[in-house]
Participant: 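Mind looking over this structure? Questions follow.
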Amino acid sequence: MADQGTAFVPTLSVLGSGADRRRAAERSASRDWWLAGWDAMLPNVRAAHEAGVTILAGTDSFPCGTVTSEIEWLVRAGLSPEAALGAASWSARSYLGLPALVDGAPADLVAYDTDPMLDASALAHPSRIILRGRVIT
């Protein structure tokens, strides 16, 4: 059950990927209704964030998006890169009651050659991934 300050919505990457297809479709009441909802989605996400609602990046709807594309959509919605990255990492850990990055806490690591806070597209190209203490790439 969500608390009063948390909202759950389908993933932005899933909805966003359908927007161009819907715009190209023949005009209909349902098409126009869907697009009106989509056109309001990003401003509503930004407004929710500005109002203090916890925004988390997720991929649990079907078909699934990716965390990388969710972060990119959050930036498009107007969240700062730091807030968008946090939605998939430190803010999510906090929301789930997991410890921050402190001595002895479980942690995975993803490293990038380019700072993702400067360019969110860098998230698609990690240079190093360490999962449960094992180097994956």
Participant: Do E82 side-chain atoms and M117 backbone N/O form a donor-acceptor pair below 3.5 Å?
Facilitator: no
Participant: Hey, does the side chain of R22 reach the backbone of L35 with a donor-acceptor pair shorter than 3.5 angstrom?
Facilitator: no
Participant: So how far is it from R46 CZ to L42 CG, rounded to the nearest 0.5 Å?
Facilitator: 8.0 Å
Participant: Would you call L85 and P116 a side-chain contact if the rule is heavy atoms closer than 4.5 Å?
Facilitator: yes
Participant: Have T66 and S69 got a donor and an acceptor in their side chains that come within less than 3.5 Å?
Facilitator: yes
Participant: Might you point out which heavy atoms bring L12 and W38 nearest each other, and give the distance in Å?
Facilitator: O-CH2, 4.0 Å
Participant: I'd like to know if D39 and R23 make a salt bridge, using a cut-off of under 4.0 Å between side-chain N and carboxylate O.
Facilitator: yes
Participant: Taking the side chain as C-beta and beyond, is there a heavy-atom pair between D113 and H125 under 4.5 Å?
Facilitator: no
Participant: How long is the span from the CH2 atom in W34 to the CG atom in L15, to the nearest 0.5 Å?
Facilitator: 5.5 Å
Participant: Distance from L74 atom CG to L56 atom CG, nearest 0.5 Å?
Facilitator: 9.5 Å
Participant: Report yes or no: is the cationic atom of R76 (NZ for Lys, CZ for Arg) closer than 6.0 Å to the six-membered ring centre of W73, at no more than 45° off its axis?
Facilitator: yes
Participant: More than 12 foreign heavy atoms under 6.0 Å from CZ of R128: is that the case here?
Facilitator: no
Participant: Over all heavy atoms of both residues, which pair between A88 and V67 is shortest? Give the atoms and the distance, please.
Facilitator: CB-CG1, 3.5 Å
Participant: Does any part of the side chain of I129, heavy atoms only, come nearer than 4.5 Å to the side chain of L109, both counted from C-beta?
Facilitator: no
Participant: Nearest 0.5 Å, what's the CG-CD distance between L123 and E70?
Facilitator: 12.0 Å
Participant: Contact between I130 and I136 at the side-chain level, heavy atoms closer than 4.5 Å - yes or no?
Facilitator: no
Participant: Measure the spacing between CZ of R134 and CG of D108 and express it to the nearest 0.5 Å.
Facilitator: 11.0 Å
